[in-house]
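Let me begin by presenting the structure, written as structure tokens, before commenting on it.
Chain letters run A, B, ... following the sequence lines, proteins first, then strands; residues in each count from 1.
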2 protein chains.
Amino acid sequence: MSTILIVDDEQPIRSMVGFALGRAGFELREAADAEQAYAEIDRQRPELILMDWMLPGASGLDIVRRLQRNAETQDIPVIMLTARTEESDKINGFSAGVDDYISKPFSPAELIARIQAVLRRSRNTQPAESLEFAGLALDPLSHRVTANGVELEFGPTEFRLLKFFMQHPDRVYTREQLLDNAWGRNVYVEERTVDVHILRLRKALAPHGCDHYIQTVRGAGYRFSPTA
Amino acid sequence: MSTILIVDDEQPIRSMVGFALGRAGFELREAADAEQAYAEIDRQRPELILMDWMLPGASGLDIVRRLQRNAETQDIPVIMLTARTEESDKINGFSAGVDDYISKPFSPAELIARIQAVLRRSRNTQPAESLEFAGLALDPLSHRVTANGVELEFGPTEFRLLKFFMQHPDRVYTREQLLDNAWGRNVYVEERTVDVHILRLRKALAPHGCDHYIQTVRGAGYRFSPTA
DNA sequence: CCGACCTGTCACGAAACTGACACACTTCTC
DNA sequence: GAGAAGTGTGTCAGTTTCGTGACAGGTCGG
């Protein structure tokens, strides 16, 4: 049973969504503003957040950005609820970590379909279990990496990159694929940037003898393989 | 080679894009408005559409929505050309089936990169299986070759050559065929170069007794046959 | 506003890869 | 057996690819 949090100041919307989700077998919790949202998330981590675009006080995007900065809440998928009248707002939702958008008004069927699509995607890429290979451990939930018991510090990008590698070990990925998976599909950065982050990962891993876990495959890309 | 359709009412833009795409080996067709776009798509299905956001009469998004409703055209990937990064427009576009966005002005390099990324994603890339013959194993996913458990190092060309051989065992290929398949259809290299790479393959395989897997067929070419 | 941190890009040198060539060697033809 | 044709192999320079340090812009908290 998935727990879903809706953050919207309009009570009718919350009711409608609650009704639709209830029929589809989701458990819904509600928040009317940013403060309640933080409180609810803190009380129990939801599996997905439906975030209204306009809220009294803070915009939904502000909340998403703040969630992104927090290691505990960073990987909760978010679906934005937007209204047509706000199209002129300049936003950068996808790069902030928003997984999908739904325009109001929406049908219950569309809502359910999108929620399930996002959940399916995020479950594939976010196993809640800790990943460990030969002394190198990464825990997606606590957002922590340890090598032989010693905690390592990584920036968000390097963390995502290492997480992706550890989720798909022993397989070569091109720079482009790594950009798609650790950066996002809709960002345009130079492929060589991947090299730099690989370097930074290796540098951080080197003191613990784990730098060779990431191998260069000339002409193809990079591979995470702790056994080699 | 891929045929790409650009739908844009500004002739200079079409020319610039045409120039950039021509250099990258794409064939470009042009449409200045919705009517021409439909006509071009109907005449020959393009592999990808570059759609201007603002068009006289209909917006690019309207065209995309209409294409989406038609079974024949709904799976043609679309890249939107937007005047500015109006992210809120992206919201509606992604849900309508737009695959990517490029903000004007854009560089030719970015255009090419995004087109190739979208094309690659939309093409069904079947995961290749691991190939093994008598102790010699090649895994396309991890990009690894092992002989009796020992890992062997190969450059990109030798790897492609060996992969092709192992995908088509027990069959003679001329040097020209090998160049076509392991190098590429439209590259010009001396046929004798194949000999050199065969030599390098054999050299790498020899310490593990696998060098005789590749046989010379005098006057014809080479053959991969582990049993012979 | 400042300073710490994260990020993307660039430039440079090092290393690896590649294709070509020359020559030695084998096989075939007469 | 001689010559011709086809193939094996060592070598080398040009090119490509990668590692790495430096740096500027951005973000965020104070």
Quick one: which protein N/O atoms are closer than 3.5 Å to N/O atoms of nucleotides 7-10 of chain C? Pair and distance per line, please.
| residue | atom | partner | partner atom | Å |
| --- | --- | --- | --- | --- |
| C:dT7 | OP1 | A:P156 | N | 3.2 |
| C:dT7 | OP1 | A:T157 | N | 2.7 |
| C:dT7 | OP1 | A:T157 | OG1 | 2.9 |
| C:dT7 | O5' | A:T157 | OG1 | 3.3 |
| C:dG8 | OP1 | A:W183 | NE1 | 3.0 |
| C:dG8 | OP2 | A:W183 | NE1 | 3.2 |
| C:dG8 | OP2 | A:H197 | NE2 | 2.8 |
| C:dG8 | O6 | A:R200 | NH2 | 2.6 |
| C:dT9 | OP2 | A:E190 | N | 2.6 |
| C:dT9 | OP2 | A:T193 | OG1 | 2.7 |

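- Counting non-hydrogen atoms of other residues, nucleotides and ligands closer than 6.0 Å to CD of B:E176 gives a total of 12 or fewer.
- Taking atom CD on B:Q215 and atom C1' on D:dT7, their separation rounds to 15 Å, with Å as the unit.
- Counted by atom type alone, B:R144 and A:S225 present one or more donor-acceptor pairs between their side chains at under 3.5 Å.
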| side-chain contact (heavy atoms from CB on, under 4.5 Å) evaluation trace for A:H197 with A:L178 | CA-CA 11 Å; A:H197 285 271; A:L178 293 173; over 6 Å; no
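- Taking side-chain N and O atoms only, A:Y222 has no distance below 4.0 Å to OP1 or OP2 of D:dT17.
- Listed for the A:E191 side chain is no donor-acceptor partner under 3.5 Å among the backbone atoms of A:V189.
- Between A:R202 atom CZ and D:dG21 atom P there is a gap of 13 Å when expressed in whole angstrom units.
- Between A:I214 atom CD1 and D:dT20 atom P there is a gap of 12 Å when expressed in whole angstrom units.
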| task | Kindly indicate, with the supporting measurements, whether the criterion ring pair (Phe, Tyr, Trp, His ring centres under 6.0 Å) is fulfilled by A:Y173 and A:F164. | result | CA-CA 10 Å; A:Y173 289 95; A:F164 177 73; 4.8 Å; yes
| task | Could you please spell out the steps behind the side-chain contact (heavy atoms from CB on, under 4.5 Å) verdict for A:Y222 and A:L161? | result | CA-CA 11 Å; A:Y222 294 96; A:L161 183 57; over 6 Å; no
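- Contacts of B:R175 classified as salt bridge (Lys or Arg N to Asp or Glu O under 4.0 Å), with partners at least two apart in sequence or in another chain: B:D195.
- Panel note: side chain B:R202, backbone B:I214; a donor-acceptor pair is recorded below 3.5 Å.
- Contacts of B:F159 with the nucleic acid, taken as non-hydrogen atoms under 4.0 Å apart, are absent.
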| Going through the checks in order, is the side-chain contact (heavy atoms from CB on, under 4.5 Å) test met by B:L50 and B:D8? | CA-CA 8 Å; B:L50 293 170; B:D8 195 315; over 6 Å; no
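- Residue A:T216 has no polar side-chain atom (N or O) positioned under 4.0 Å from OP1 or OP2 of D:dT17.
- Per the geometry, CD belonging to A:E153 stands 14 Å off C1' belonging to C:dA4, to the nearest Å.
- Over its length, the helix from C:dC1-D:dG30 to C:dC30-D:dG1 turns its helix axis by 30°, as judged from the five terminal pairs at each end, rounded to 10°.
- With D:dG8, D:dG19, D:dT16 as the candidates, the nucleotide lying closest to the side chain of A:R218 is D:dT16.
- Dashed line: the shortest gap from a side-chain N or O of B:K203 to OP1 or OP2 of D:dG10 is under 4.0 Å.
- At whole-Å resolution of the value, CZ in B:R175 and P in D:dT7 are 4 Å apart.
- Atom-to-atom, CG of A:D195 to P of C:dA14 comes out at 18 Å; the value is rounded to the nearest Å.
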